[in-house]
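I have placed the structure first, in the form of structure tokens, so that the comments after it can refer back to it.
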Protein chains: 2
Amino acid sequence: MKNRIPELRAERAWTQADLAQRVSVSRQTINAIEKGKFDPSLPVAFRLAKVFNLTIEELFIDDQ
Amino acid sequence: MKNRIPELRAERAWTQADLAQRVSVSRQTINAIEKGKFDPSLPVAFRLAKVFNLTIEELFIDDQ
DNA sequence: CCTCGATGTCAAGCACACTTGACATCGAGG
DNA sequence: CCTCGATGTCAAGTGTGCTTGACATCGAGG
């Protein structure tokens, strides 16, 4: 499961801490998701898609 | 997080066990997701959306 | 009745999502 | 240089996603 969070976050000039606050998770969680350490839960995925105004399918790439 | 799995599964006349096999989880997991006991992981959510030919947003309703 | 498939549910265990707290590194600017 | 914000990462703890195995219930058909 890849994702476009790093580029989208950079476009908006948000730090990992900024984004973490916007989706109500810790900074380390954002870092881990960006780095592919693990996939977010479905609720966190929904919140991430929302702050970027994208669908989950547009934000996350399911590479089976 | 609500979902339309029960109705969609009924439309197709699939048992919980049928659906479980199609998305590679246990029957109990399908039952728990349908019953709202917990939310699926993002990979399982992707697989569920795929077997129903829907987007995750169409299949799951984020009631924050 | 009695069976049988489908569903609901519990327990125990494992893996992972997420937390707080801490520390290391790195680049930009004084 | 030195600092400082941003990022990367580790450890330890909590909660949840998912498993297997078991058992109870329920409705449809013999």
Side-chain angles (χ1 to χ4, degrees):
Chain A
M1 190 80 62
K2 292 189 173 179
N3 68 74
R4 297 176 46 206
I5 295 175
E7 50 174 301
L8 294 162
R9 186 171 62 75
E11 279 177 12
R12 287 157 179 77
W14 292 344
T15 65
Q16 291 181 346
D18 289 338
L19 178 56
Q21 195 168 3
R22 283 172 193 268
V23 296
S24 302
V25 296
S26 68
R27 181 184 66 83
Q28 289 86 334
T29 293
I30 295 297
N31 187 290
I33 293 169
E34 285 194 359
K35 289 282 160 186
K37 296 266 176 81
F38 53 69
D39 298 320
S41 68
L42 192 53
V44 171
F46 263 92
R47 279 182 260 143
L48 283 165
K50 200 168 212 173
V51 300
F52 289 123
N53 281 310
L54 293 176
T55 63
I56 291 183
E57 282 81 1
E58 288 167 339
L59 184 54
F60 298 93
I61 295 102
D62 184 26
D63 47 1
Q64 77 258 6
Chain B
M1 188 80 63
K2 292 187 174 180
N3 68 76
R4 297 175 46 208
I5 295 175
E7 48 175 304
L8 294 163
R9 185 171 61 74
E11 280 177 12
R12 288 159 178 76
W14 292 344
T15 66
Q16 292 182 345
D18 288 339
L19 178 55
Q21 196 169 1
R22 284 173 193 266
V23 297
S24 303
V25 296
S26 68
R27 180 184 68 82
Q28 289 87 333
T29 293
I30 295 296
N31 187 289
I33 294 170
E34 285 194 0
K35 289 283 159 185
K37 297 265 175 84
F38 53 70
D39 298 320
S41 67
L42 191 54
V44 171
F46 263 93
R47 278 181 260 144
L48 282 165
K50 200 168 212 172
V51 300
F52 289 123
N53 281 309
L54 293 175
T55 63
I56 291 182
E57 283 81 1
E58 288 167 339
L59 184 54
F60 297 93
I61 295 102
D62 184 26
D63 46 4
Q64 69 262 11

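So that the names make sense, note that chain A is the first sequence line, chain B the second, and so on, each numbered from 1. Just so we're clear, the structure is a prediction, and the values are computed from it rather than from any experiment.
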Response to the item:
Output field dot_bracket for DNA chain C (Watson-Crick or G-U, both distances under 3.5 Å, | for other-strand pairs) contains ||||||||||||||||||||||||||||||

Discussion item. I'd like to check B/L19 versus B/F52 (side-chain heavy atoms, cut-off strictly below 4.5 Å). Are they in contact?
Written reply: yes

Worksheet item: side-chain hydrogen bond (donor to acceptor under 3.5 Å, both in side chains) with B/E57: which residues, sequence neighbours excluded?
Response: none

Worksheet item: Between which nucleotides of DNA chain C, 5' to 3', does chain A make heavy-atom contacts below 4.0 Å?
Response: C/dA17 to C/dA22

Fill in: Residue among A/D62, A/T55, A/I56 satisfying side-chain contact (heavy atoms from CB on, under 4.5 Å) with B/I56
A/I56

Discussion item. With a 4.5 Å cut-off on side-chain heavy atoms, are A/V25 and A/R47 touching?
Written reply: yes

Item to complete: Hey, could you give me the OG/CD distance between A/S26 and A/Q16, rounded to the nearest 0.5 Å?
Response: 10.5 Å

Worksheet item: Is there side-chain contact between B/F38 and A/L42, with at least one heavy-atom pair below 4.5 Å?
Response: no

Worksheet item: Among the clusters formed by ILVMFWY side chains lying less than 4.5 Å apart, do A/I33 and A/I61 turn up in the same one?
Response: no

Worksheet item: Hey, is CD on B/E58 packed in by over 12 heavy atoms from elsewhere, all under 6.0 Å?
Response: yes

Worksheet item: Taking C-beta and beyond as the side chain, do A/R4 and A/L54 meet within less than 4.5 Å on heavy atoms?
Response: yes

Practice prompt. Over all heavy atoms of both residues, which pair between B/R12 and B/V51 is shortest? Give the atoms and the distance, please.
Written response: NE-O, 4.4 Å

Worksheet item: Do any N or O atoms from the side chain of A/D18 and from the backbone of A/T15 form a donor-acceptor pair under 3.5 angstrom?
Response: yes

Worksheet item: Does the side chain of A/V23 come within less than 4.5 Å of A/I30's, by heavy atoms?
Response: yes

Item to complete: Answer yes when A/R9 and A/E34 have at least one side-chain N-carboxylate O distance shorter than 4.0 Å, and no when they do not.
Response: yes

Worksheet item: Would you find a donor on one side and an acceptor on the other, under 3.5 Å apart, between the side chain of A/N3 and the backbone of A/L59?
Response: no

Discussion item. Using a 4.0 Å cut-off on heavy atoms, which residues in residues 41-49 of chain A reach DNA chain C? List them by number, or say none.
Written reply: A/S41, A/V44

Worksheet item: Going by number, which of residues 29-39 of chain A have a non-hydrogen atom under 4.0 Å from DNA chain D?
Response: A/N31, A/K35, A/K37

Fill in: Sub-4.0 Å heavy-atom contacts from residues 3-21 of chain A onto DNA chain D, ordered by number
A/R9, A/T15, A/Q16

Discussion item. Side chain to side chain contact (heavy atoms under 4.5 Å, CB included) for B/F60 and B/D39? Distances and angles first, verdict last.
Written reply: CA-CA 10 Å; B/F60 297 93; B/D39 298 320; over 6 Å; no

